[in-house]
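Below is one structure, written out as structure tokens; comments come after it.
For the numbers below, each heavy atom of this structure counts, side chains included, while hydrogens, waters and symmetry mates do not.
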Amino acid sequence: MYSSKNVYVSILHILVCCVAFLAAGVNFNSVQAQGITTSVRGTIKDAVSNEPLIGVSIFVPGTSLGTTSDVEGNFSLKTTQAITKIQFTYLGYKAKTIELTPGETKVLNVRLESDAKKLNEVVIKGRSRNYSNKNNPAVDLIRLVVDNKNKNRLESYDYVQYQQYDKLQLALTNTPEKLRNNILLKRYDFVTKNIDTTTLAGTAILPLYMQESLSQQYYRKDPEKKKTVVQAEKKVDFGEFVVINSYVKHMYQDIDIYKNNITILTNQFLSPIADLAPTFYRFYITDTVVVDGQKLTELSFSPKNETDFLFTGKLYVTMDGNYAVQKVDMEVGKKVNINWVRDLHINLDFDRLPNGRYNLSKSVLKSEFAVVQNSKGGVYGERTVSFKDFKINQAQPASFYEGDPLVKAEEAERHDDEYWASSRHDSLSFAEANTYQSIDSLRNTRSFKRTLDYATLFIAGYKHAGPYFEIGPVNTFYSFNPVEGFRLRVGGRTTTTFSKKMMFETYAAYGFKDEKWKYYLGGTYSFSNRSIFEFPVRALRVNYQKDTKIPGQDLQFIQEDNFLLSFKRGTNDKWLYNETYNIDYLHEFRNRFSFRVGFKNWKQTPAGSLEYLKAEGTAPAEGTTAPNGSEQIENITTSEVRLELRWAPHEEYVQGKLYRFPIVNRYPVFTLRAAAGIKGLFNGDYDYQSLTLNVTKRFYMSQFGYSDVITEGGYIFGKVPFPLLAIHRANQTYSYQIQSYNLMNFLEFVSDQYASINIDHCFNGFIFNKLPLIKKTKLREFATVKVLYGKVREENDPEVNKDLLAFPAYATGLPTTYSLDKKPYVEASLGVGNIFKFFRVDVVKRLTYLDNPGVSEVGIRGRFKFDF
């Protein structure tokens, strides 16, 4: 069972980089760290019981610097500010202050003494039982925060502008001893020099990837418009194979505590100050503090159900009547239904502006991934975003907001180290600063290139055959089907080393049953100064293909002759031999609108048991190739011009070797296709026109999961035979296909006008997480319904117009192809996902047209899906 490779295969790219580091040996000159860093880490425990203390407030007096201890009592804090002391406070314990020396690295074992007087003021019983929202001052305070959310957001201003610095790093993690004593790593000086032991307490990290950007952000309230001007950009470059930037950006989205839902690692978490927060969270007032003369109330919060997509932590609320958030420190619990994540922590700091309002000044998201939860090794990711130079209600000219919402300065990627040193909001650590030079040198080594070459073969299916050509995809080299029998194929394409602006691609295949050769030859030329794969694409494609195809099979992100798709259910013997000439031009704009215009000449010849027979004849007798008195048509040729308009607002994607994988967001995607057949042009047999509109959208429903909704409608104008009608997407494989009908047979239904809706809902474990035993499995529930309604007008119905081609039928005369005039086609399914963290199984039920021959009423289908 197989389906399209998900965009989340990019996580494998990160792991490949880790392997490459272990397999390659290079010596590097260290890059000196910028600035003097004071680093403090250690463990906080009860002075009597020696038990670790969770959630201890650790801060530098007189500053906004601070953190909290984790579930094991560990903490870590580093800064380039000249600090001389650090303070520890915890409800029920005496505060403790420790002197520091600026620039030193210090490990502390802190022991806090209990304060009985404070403990008497706290009712511990309320945390575990008898919790109620009614008459709860903490809940009353949260509701005040919710009521004042709109006025405390940046969007409350008419105009806002500020500078934003964004830094993201990915690193390999393990214990310091294992990294230093590893047999492979001992040979490599650059590894031991670049190990960082200050970021994570008790864990060493080896940075693999870094990206930074400095931008100016502008916002206008009415009419609402945002604009980003990227002033500087810098990132580690692994080459064309490892495409990390877009996917990492999607994983580490902006954290806005004032939104009801916060998207992290492709999942939505309910904010602790969401409108419905009191329904899902427990709140407690745990302390009051004064910062810069401002009284703050400390609110602790935790999920009512530990398996829901919720946070645990503390937030500080101003008591000046604005009820704004001044600081947030929260994390994701271990029992939340999320894959691969060992730890996820968020810190948000808000600074007070001259007008008395608080705005976000710094956001830090830290996460650690591991294939095996209890293993020491893993991958660490950290995104830090800082904001400064706020300017409130200073209007820009209206013309400033016109054009692309994202503008990058021409010199953005050409700034030197001196510019970055003076422009960063905070200096890099030694390990971070050394990452750029380390990876740049590494990617040019033979061993690293060899490792990536084999990784490309394993993940993307291509293998380099010299610098200018690569062979693949390997999963199409062997397949089988009823028409061709055993099929062998070999092919490849040129690389970007050969040319970034031009690519040639070809393959040849041979079927040992039909003893026919199939082949393909194509070329693509980019009219921009970028690669043909780099957004926004402006490219011309020309190709010729002679090959087989199943009518009605329309696959996404996978080759039709993929070996795993050779296994099919039921009868699958109605095929086509296609010969096509195609030319099209694709033009994409930065606002995610694109158009494609082209021309296609297509000759289709029936193969297998499929025949093109005139309707005025009778059904063929068994064993004959031509029916009694009927006319058999050898092939059909069409010449058509095509136009496609597509708009995908805010779309991001990961560019693979074969396909561009879109990263799903909350915005709809509109695709309008139009085609016109021209009779007599290059032997075209028919005049016709067609229109198709497809709209897809993901609806997020917070704790109840999300729904992917696909709607489509189409209409064909003109008189055409059934091969030119809309042959609805069927699926006779054992894989579960989202946009196909999984219990419909190939060529079972055709229409000249139709409308459909597919709803695929993922509950994200909302139900299973409530069941005592099942919740430990972290399984996820799916429910799907697909409805298709269509019809065939009389002018295209061979029962009425006998000069048309007859619908395909068995030798007995029983038809195998139908219209949808009587009722819609409906199928529904219930599925269980996240099996072994990457597999989904659905039980599919067909609800209509059960009397059609050769159909399956119930089926089990599977699908691979890598997701967090």
Side-chain angles (χ1 to χ4, degrees), residues 481-483 549-554 567-576 606-613 615 617-622 627 712 714 716 720-758 784-794 796-801 804-829 842-861:
N481 60 70
V483 172
K549 179 178 173 60
I550 301 175
Q553 178 169 270
D554 189 3
F567 301 92
K568 292 182 173 65
R569 62 174 177 83
T571 304
N572 174 36
D573 60 355
K574 292 179 173 58
W575 284 61
L576 293 174
S609 67
L610 181 63
E611 292 181 307
Y612 290 168
L613 304 173
T618 59
E622 186 174 358
E712 186 173 285
I716 297 174
V720 292
F722 80 86
L724 301 183
L725 297 176
I727 302 175
H728 297 296
R729 301 184 187 96
N731 175 31
Q732 286 186 224
T733 71
Y734 294 97
S735 69
Y736 187 86
Q737 297 176 11
I738 298 296
Q739 295 211 27
S740 298
Y741 301 95
N742 291 285
L743 289 181
M744 182 185 291
N745 291 335
F746 293 130
L747 203 54
E748 184 177 359
F749 292 104
V750 295
S751 302
D752 58 20
Q753 52 192 294
Y754 68 93
S756 67
I757 182 169
N758 296 349
T784 305
V785 62
K786 301 181 179 183
V787 181
L788 168 67
Y789 178 75
K791 63 179 297 185
V792 175
R793 301 189 305 275
E794 288 188 355
N796 291 321
D797 186 352
E799 292 293 325
V800 178
N801 278 312
L804 292 172
L805 296 182
F807 284 171
Y810 290 106
T812 59
L814 185 67
T816 60
T817 300
Y818 304 85
S819 68
L820 290 159
D821 293 349
K822 297 180 180 179
K823 55 188 174 183
Y825 173 88
V826 183
E827 70 178 29
S829 66
D842 282 71
V843 177
V844 188
K845 177 75 168 68
R846 177 167 167 158
L847 302 177
T848 57
Y849 293 99
L850 303 180
D851 295 330
N852 286 4
V855 303
S856 299
E857 185 174 341
V858 179
I860 297 178
R861 302 290 178 265

### Message
Would you say Gln732 and Asn572 are linked by a side-chain donor-acceptor pair, where the criterion is simply a distance under 3.5 Å?
### Response
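Side chains of Asn572 and Gln732: no pair found under 3.5 Å.
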
Hey, are the side chains of [X] and [Y] touching, using non-hydrogen atoms and a 4.5 Å cut-off?
{"X": "Tyr849", "Y": "Lys822", "result": "yes"}
{"X": "Leu576", "Y": "Leu610", "result": "yes"}
{"X": "Pro606", "Y": "Glu611", "result": "no"}
{"X": "Lys549", "Y": "Trp575", "result": "no"}

Which pair of non-hydrogen atoms, one from [X] and one from [Y], has the smallest distance, and what is that distance?
{"X": "Ala730", "Y": "Phe746", "value": "O-CE2, 3.4 Å"}
{"X": "Pro798", "Y": "Asn796", "value": "CD-O, 3.4 Å"}
{"X": "Ser751", "Y": "Gly790", "value": "OG-CA, 3.8 Å"}
{"X": "Pro808", "Y": "Leu747", "value": "CG-CD2, 3.8 Å"}
{"X": "Gln737", "Y": "Lys786", "value": "O-NZ, 3.0 Å"}
{"X": "Pro824", "Y": "Thr848", "value": "O-OG1, 3.0 Å"}

Pairwise distance [atom1]([X]) to [atom2]([Y]) - rounded to 0.5 angstrom:
{"X": "Arg793", "Y": "Leu725", "atom1": "CZ", "atom2": "CG", "result": "9.0 Å"}
{"X": "Leu804", "Y": "Leu613", "atom1": "CG", "atom2": "CG", "result": "13.0 Å"}
{"X": "Tyr736", "Y": "Thr733", "atom1": "OH", "atom2": "OG1", "result": "12.0 Å"}
{"X": "Leu805", "Y": "Thr817", "atom1": "CG", "atom2": "OG1", "result": "11.5 Å"}
{"X": "Met744", "Y": "Arg846", "atom1": "CE", "atom2": "CZ", "result": "6.5 Å"}
{"X": "Thr816", "Y": "Phe807", "atom1": "OG1", "atom2": "CZ", "result": "10.0 Å"}

### Check: Tyr825 ring centre within less than 6.0 Å of Tyr741 ring centre
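Here the rings of Tyr741 and Tyr825 have centres that are less than 6.0 Å from each other.
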
### Message
I'd like to check the salt bridge (Lys or Arg N to Asp or Glu O under 4.0 Å) partners of Glu827; sequence neighbours left out, ordered by chain and number.
### Response
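Here no residue qualifies.
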
### Query
Do other residues, nucleotides or ligands put more than 12 heavy atoms under 6.0 Å from the NZ atom of Lys823?
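For Lys823, atom NZ is crowded (more than 12 foreign heavy atoms under 6.0 Å).
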
Donor-acceptor pairs under 3.5 angstrom involving side-chain atoms of residues 850-860: please list them, not counting sequence neighbours.
unit_1	atom_1	unit_2	atom_2	d
Asn852	ND2	Glu748	OE2	3.0
Glu857	OE2	Lys845	NZ	3.0

#### Entry: Tyr810 six-ring centre to Lys574 NZ/CZ under 6.0 Å and within 45° of normal
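Flagged: Lys574 positioned over aromatic ring of Tyr810.
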
### Message
Would the distance check show the side chain of Asp821 and the main-chain N or O of Val792 forming a donor-acceptor pair, the cut-off being under 3.5 Å?
### Response
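Judged by distance alone, yes, a pair lies under 3.5 Å.
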
### Message
Looking at Asn481 and Val483, would you say the former's side chain and the latter's main chain have a donor-acceptor pair under 3.5 Å?
### Response
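Looks like yes, one N/O pair under 3.5 Å.
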
### Task
Report the relative orientation of the aromatic rings in Tyr818 and Phe749; use parallel for angles under 30°, tilted for 30 to 60°, perpendicular for over 60°.
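Tyr818 vs Phe749 ring planes: tilted.
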
